[in-house]
**Q** 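Sharing a structure here in structure tokens format.
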Amino acid sequence: MVAAYFESHKPRDAVLLFDQMPQRNTVSFNSMISGYVKNGMVAEARKVFDVMPERNVVSWTSMVRGYIQEGMVDEAERLFWAMPHKNVVSWTVMIGGLLKESRFEDAKKLFDMMPVKDVVAVTNMISGYCQVGRLDEARELFDEMPMRNVFTWTTMVSGYAKNGRVDVARKLFEVMPGRNEVSWTAMLMGYTQSGRMKEAFELFEAMPMKWVVACNEIITRFGLSGEVNRARMVFEGMKERDEGTWNAMIKVCERKGFELEALGLFVRMQREGVELNFPSFISVLSVCASLASLDHGRQVHARLVRSEFDQDLYVASVLITMYVKCGDLVRAKRIFNRFPFKDVVMWNSMITGYSQHGLGEDALIVFRDMCSSGIQPDEVTFIGVLSACSYSGKVKEGFKFFEAMKCTYQVEPGIEHYACMVDLLGRAGRVDEAMELVEKMPMEPDAIVWGALLGACRNHMKLDLAEFAVEKIAKLEPKNAGPYVLLSHMYASRGRWRDVEVLRKKINARSVVKFPGVSWIEVEKKVHMFTGGDSKGHHPEQPIITKMLEKLGGILRETGYCPDGSFVLHDVDEEEKTHSLGYHSEKLAVAYGLLKVPEGMPIRVMKNLRVCGDCHSAIKLIAKVTGREIILRDANRFHHFKDGHCSCKDFW
DNA sequence: CTTAGTACTC
């Protein structure tokens, strides 16, 4: 009965019962010990162990196992050697503990000392050999064994599978006398982990039952490798799902750009009574961050507070990032302040957060706090610090930090840091110096570095250098249309339509991918997506949006706003250009926000690409004439529009 | 007592 209470994780009931027992023998004491151990309470187990009148092998072994479970292997060893009589089980438990700590040599020594070995003991050792990749020795033991069970066979199969020898694994798998779900799954994972997806799926189809772990593996592997549909089908076809199943599917959706579906799954999972757990929180918070879905984010946060992960640094950093990405720096900071002990990552989350919002000063203040609280900055910290300087035009300070990171903090600048510095110079208009830095870099510049230079060229109209940078990027990322589009904008603003035309032909000839611009806004817990361009739009409320845009257009023209045609690719007449601009996705989303977001609340709009220049100036004016605060997150950073100004000071 | 998984935060 005591054991039963422990089994159902009711240690308190078990103790009560134990205390009431009129007569206790060694066996009853032992069930107390093993019960405590099963519930992770070693200290309590030890107390019982110390007071019991007589101890047998089982008492000792349970104690040893308890210490191993809690990672206190040294204590376990001490007890093991103090043990008066050891049986096969005690030896095996101890060896298992050493193997768990990757102390293979010690484990082997014990194994050789063992007076009697049974199937389990040898299987245990085989598994040890496999873990360290010594397959031939494992096989030797395996071949010499007088008896083998399913465990032994499966251990050997999985040993080969994990070490990349999938075909040998398969041969063994074929001849083994009986297979259970673990054997099948081990074989399956051999295929998935070596990327042999076709064979993996064939094996999966051939399985007599679709076991949960195997399904989870298929969902994760196929989903992440891009076959989201197949993952979905397996997921939907499952009769039983565990936490891992939900997490796998949510992660796949999050990673593969099905954020809304991920949110839906999260809701569905709760409805079906599955407990929220660590990985599901991480995934869902990432979803909220990439959608910038503040409403959902807040809801998840509320759930988090009621969970056991509330105090976890890891989760808190994700939470901070979520609020940053949703444009709510106040909440991000509040959580940040709540943790007296912060790790580098948490400091970094806050620094990069401020930096992405263009709040250079605040980023640097946090950085100084970090240093004075004794935390060593790392390479990520300096990406945040340098880009903070860049966004706020602090060239001198930027260089100071760049030097200091090498000398004072012993962080070698990587390519990302050079990219920041190129950006810093470029933004400040010192484009030629930026180019010099690119040439002086100790490593080969990548597309990001060239991209930073290109951005500078655009802002300061350096056509020659821009052409050069675009050529470089084209070599490194032949499929990326972004730089071409940017260059053609530059040509267009100079009225060089012939060059625009040539460039467009080039784009078509190289079959480069142009990412369609998408903007979205969250209204009443629903995310509304808008695709731009001259399409009609698919939003059900399109008519009132169009009306709003027309109204805005009128007001803007009255205030003297003149659409900047240079941001449209085509050489069309003025009127059509304006029209096409009017329907850029960010404007649609802003218009919708004006219609739906209550007065006094900031309008938060997200865009997957960089905000277009015309939209940027238009939104500045919209913010002014409507008196609303508009926060736009584009692919690079945040823009806070208020009273006709933007926090980026027109550099982005 | 031994075999398959689970956690990508700046």
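The sequence lines fix the lettering, A, B, ..., with proteins before strands; numbering per chain opens at 1.
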**Q** Taking any heavy-atom pair under 4.0 Å as a contact, classify A:Lys86: base, sugar-phosphate, or nothing.
**A**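 No contact.
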**Q** Tell me: NZ of A:Lys251 to P of B:dG5, nearest whole Å?
**A**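 Distance, rounded to whole Å: 14 Å.
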**Q** Please pick, from B:dA4, B:dT2, B:dA7, the nucleotide with the shortest atom-to-atom distance to any side-chain atom of A:Phe278.
**A**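 Closest of the options to the side chain of A:Phe278: B:dA7.
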**Q** Closest to the A:Thr92 side chain: B:dT2, B:dA4, B:dC1?
**A**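 Closest nucleotide to the A:Thr92 side chain: B:dC1.
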**Q** What is the separation between atom CG on A:Leu224 and atom P on B:dT6, rounded to the nearest whole Å?
**A**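 Roughly 12 Å, once rounded to whole Å.
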**Q** Out of B:dT3, B:dA4, B:dC1, which has the shortest distance to the side chain of A:Phe151?
**A**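 Selected nucleotide (nearest to the side chain): B:dT3.
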**Q** Choosing from B:dT2, B:dC10, B:dA7, which nucleotide comes nearest the side chain of A:Asn348?
**A**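 In terms of side-chain proximity for A:Asn348, the closest of B:dT2, B:dC10, B:dA7 is B:dC10.
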**Q** What's the CZ-P distance between A:Arg221 and B:dA4, to the nearest Å?
**A**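 To the nearest whole Å, that distance equals 15 Å.
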**Q** Would you say the rings of A:Tyr354 and A:Phe638 are close, in the sense that their centroids are separated by under 6.0 Å?
**A**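 Here the rings of A:Tyr354 and A:Phe638 have centres that are no less than 6.0 Å from each other.
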**Q** Pick base, sugar-phosphate or nothing for A:Thr155, based on heavy-atom distances below 4.0 Å to the nucleic acid.
**A**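 The residue A:Thr155 makes sugar-phosphate contact but no base contact.
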**Q** Enumerate the side-chain hydrogen bond (donor to acceptor under 3.5 Å, both in side chains) contacts for residues 355-367 of chain A, please, sequence neighbours excluded, ordered by first and then second residue.
**A**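 Of all non-adjacent pairs touching residues 355-367 of chain A, those that pass side-chain hydrogen bond (donor to acceptor under 3.5 Å, both in side chains) are A:Ser355-A:Ser387, A:His357-A:His640, A:Glu361-A:Lys394.
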**Q** Reckon A:Asp118 touches a base, only the sugar-phosphate, or nothing at all at heavy-atom distances under 4.0 Å?
**A**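 A:Asp118: base contact, heavy atoms under 4.0 Å.
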**Q** From the set B:dT3, B:dA7, B:dG5, return the single nucleotide nearest to any side-chain atom of A:Ser127.
**A**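 From the listed options, B:dT3 comes nearest.
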**Q** Tell me which nucleotide among B:dT2, B:dA7, B:dC10 gets nearest to the side chain of A:Thr321.
**A**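 The nucleotide sitting nearest to the side chain is B:dC10.
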**Q** List the steps, then state whether salt bridge (charged side-chain N to carboxylate O under 4.0 Å, His left out) holds for A:Glu137 with A:Lys108.
**A** CA-CA 12 Å; A:Glu137 286 152 286; A:Lys108 188 171 167 359; 6.0 Å; no
**Q** So which nucleotide from B:dC1, B:dA4, B:dG5 ends up closest to the side chain of A:Asn216?
**A**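 So the side chain of A:Asn216 is nearest to B:dG5.
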**Q** The side chain of A:Val380 is closest to which nucleotide in this list: B:dG5, B:dC10, B:dT2?
**A**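 Nucleotide nearest to A:Val380's side chain: B:dC10.
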**Q** How would you label the contact of A:Asp343 with the nucleic acid (heavy atoms, under 4.0 Å): base, sugar-phosphate, or nothing?
**A**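 No contact at all - A:Asp343 keeps every heavy atom at 4.0 Å or more from the nucleic acid.
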**Q** Ring centroids only, cut at 6.0 angstrom: are A:His301 and A:Tyr323 within range, meaning strictly under it?
**A**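 Judged by ring-centre distance (under 6.0 Å), A:His301 and A:Tyr323 do meet the cut-off.
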